[in-house]
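Side chains included, hydrogens not; waters and symmetry mates left out as well; all remaining heavy atoms used. In this chain, numbering begins with 1 at the start of the sequence shown.
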Amino acid sequence: MTDKAISPLRRRMIEDMTIRKLAPKTQASYIRAVRTFAVFLGRSPDQASAEDLRRYHLHLASSGVSVPSQNATVTALRFFFAERLRRSTVTDRMPFVREPRRLPVVLSPEEVVRLLEAAPGLKYRAALSVAYGAGLRANEVVSLKIGDIDSTRMVIRVEQGKGGKDRYVMLSAHLLELLRAWWKIARPQGWLFPGQNPVNPLTTRQLNRACHAAAQAAAIDKRVSLHTLRHSFATHLLEQKVDIRVIQVLLGHKKLDTTALYSQVATKTIREVTSPLERLTMTVPPPA
């Protein structure tokens, strides 16, 4: 898109987002949301009323748009009207929708082994092993650079993870050995996991496709995605009695409540709890 094709309103919004240091993906998402709203409205979005926004929110809900997508749209439009137009009150009738909280899918340690061994090639096995062994998100895995692997301190530096925060995660000896084997074969420069064009990193789509292929090859009948490995990482640490606040830091969670969800799927921990029924003195009636 050329500079002339960008309207003054959009240009100022981009400038506002740049000042706020919003991530490029976030900026693109906000622009897309405002553009889609303008198409619905049929005129410039800065002319919208509170009733227009309410109608649009109703349109999204009745069209079957997912709750996360609805909330992302609300966030974008609130930014547009509050920061760009100084008309924050017009979005008061666009509340965030509470999303039903579902338990994450978690693999057993045996299933993780099968999945990793079924990965299509050493690069993907190493990348998937990073996702599970360090609990990284897909975007964090593909964004790793050679210099982020600190074998002296046995940590991995995650630069600008979700929320624009840096953090360190552990680097196990087994994972380091696997990464060294990958480096010796491919000799990547810059990106730890380069894409087809070495100038660019592997894409999250490519990594997720490899994860799905590995799960299928391993005959795992659960709904598996790259994020499933992160869920499994957290759950297995909890089952190993690692303090939940340490797990929170490793995952980069802002709130402890988010991490606490894994206590509901740590089945090993649940199995070790003695039911109060076991402490009762009762006789079991014989079968009829």
Side-chain angles (χ1 to χ4, degrees), residues 1-6 10-11 14-15 17-18 21-33 35-36 69 72 112 115-152 155-169 171-172 174-218 224-230 233 251-252:
M1 181 179 291
T2 63
D3 290 343
K4 292 183 178 179
I6 301 177
R10 181 181 299 186
R11 184 186 301 279
I14 293 173
E15 292 172 352
M17 292 189 293
T18 301
K21 296 187 181 301
L22 298 186
K25 285 188 176 181
T26 302
Q27 293 193 28
S29 175
Y30 281 16
I31 290 294
R32 183 167 55 250
R35 182 173 62 242
T36 303
S69 294
V112 173
L115 185 145
L116 295 179
E117 290 181 343
L122 184 57
K123 175 168 73 171
Y124 287 110
R125 181 172 178 176
L128 295 176
S129 294
V130 169
Y132 171 71
L136 301 194
R137 302 175 178 91
N139 188 59
E140 293 171 344
V141 173
V142 301
S143 298
L144 288 175
K145 301 180 179 66
I146 299 294
D148 294 329
I149 309 301
D150 188 342
S151 59
T152 301
V155 293
I156 300 174
R157 174 184 171 86
V158 181
E159 188 173 354
Q160 296 297 289
K162 188 175 181 179
K165 296 180 179 179
D166 296 347
R167 73 181 190 279
Y168 285 100
V169 295
L171 172 62
S172 71
H174 178 77
L175 181 55
L176 177 59
E177 182 181 0
L178 184 60
L179 291 176
R180 280 175 170 168
W182 158 243
W183 186 84
K184 288 178 182 178
I185 290 176
R187 299 284 176 172
Q189 302 294 321
W191 303 110
L192 181 59
F193 302 114
Q196 294 181 348
N197 183 345
V199 176
N200 301 316
L202 192 69
T203 67
T204 56
R205 177 174 294 185
Q206 290 171 323
L207 186 56
N208 266 301
R209 284 178 178 173
C211 184
H212 293 151
Q216 185 175 6
V224 177
S225 68
L226 200 286
H227 218 68
T228 304
L229 294 176
R230 177 174 160 88
F233 162 86
L251 293 174

Test log, rule salt bridge (Lys or Arg N to Asp or Glu O under 4.0 Å), inputs R167 and E140:
CA-CA 11 Å; R167 73 181 190 279; E140 293 171 344; 2.9 Å; yes
Between [atom1] on residue [X] and [atom2] on residue [Y], distance to nearest 0.5 Å:
X	Y	atom1	atom2	value
L22	Y30	CG	OH	6.0 Å
Y132	S172	OH	OG	10.0 Å
R137	S143	CZ	OG	11.5 Å
L229	C211	CG	SG	5.0 Å

With sequence neighbours left out, the residues meeting salt bridge (Lys or Arg N to Asp or Glu O under 4.0 Å) with R230 are none
Residues in salt bridge (Lys or Arg N to Asp or Glu O under 4.0 Å) with E15, at least two apart?
R12
Contact summary for [X] and [Y], nearest pair of heavy atoms:
X	Y	value
Y124	A119	C-CB, 4.1 Å
A217	A118	CB-CB, 3.9 Å
I146	W183	CD1-CD1, 3.9 Å
A214	L115	CB-O, 3.5 Å
P194	W182	CD-CZ2, 4.2 Å

A side-chain contact here means heavy atoms from C-beta on lying under 4.5 Å apart; do [X] and [Y] qualify?
X	Y	value
F193	P201	no
Y168	I156	no
N139	K25	yes
T26	M17	no

Residue of the set [options] for which side chain to side chain contact (heavy atoms under 4.5 Å, CB included) holds with [X]:
X	options	value
L192	L179, L202, D148	L179
L136	L251, V158, L226	V158
V142	L207, V130, N200, T203	L207

What salt bridge (charged side-chain N to carboxylate O under 4.0 Å, His left out) pairs are there with at least one residue in residues 180-198, not counting sequence neighbours?
none
Can you name the side-chain hydrogen bond (donor to acceptor under 3.5 Å, both in side chains) partners of R209, sequence neighbours left out?
none
Can you sort out the partners of R125 under side-chain hydrogen bond (donor to acceptor under 3.5 Å, both in side chains), two or more places apart, ordered by chain and number?
none
Would you check, one step at a time, whether the test salt bridge (Lys or Arg N to Asp or Glu O under 4.0 Å) holds for R157 with D150?
CA-CA 8 Å; R157 174 184 171 86; D150 188 342; over 6 Å; no
ring-ring contact (aromatic ring centres under 6.0 Å, His included) with H212: which residues, sequence neighbours excluded?
none
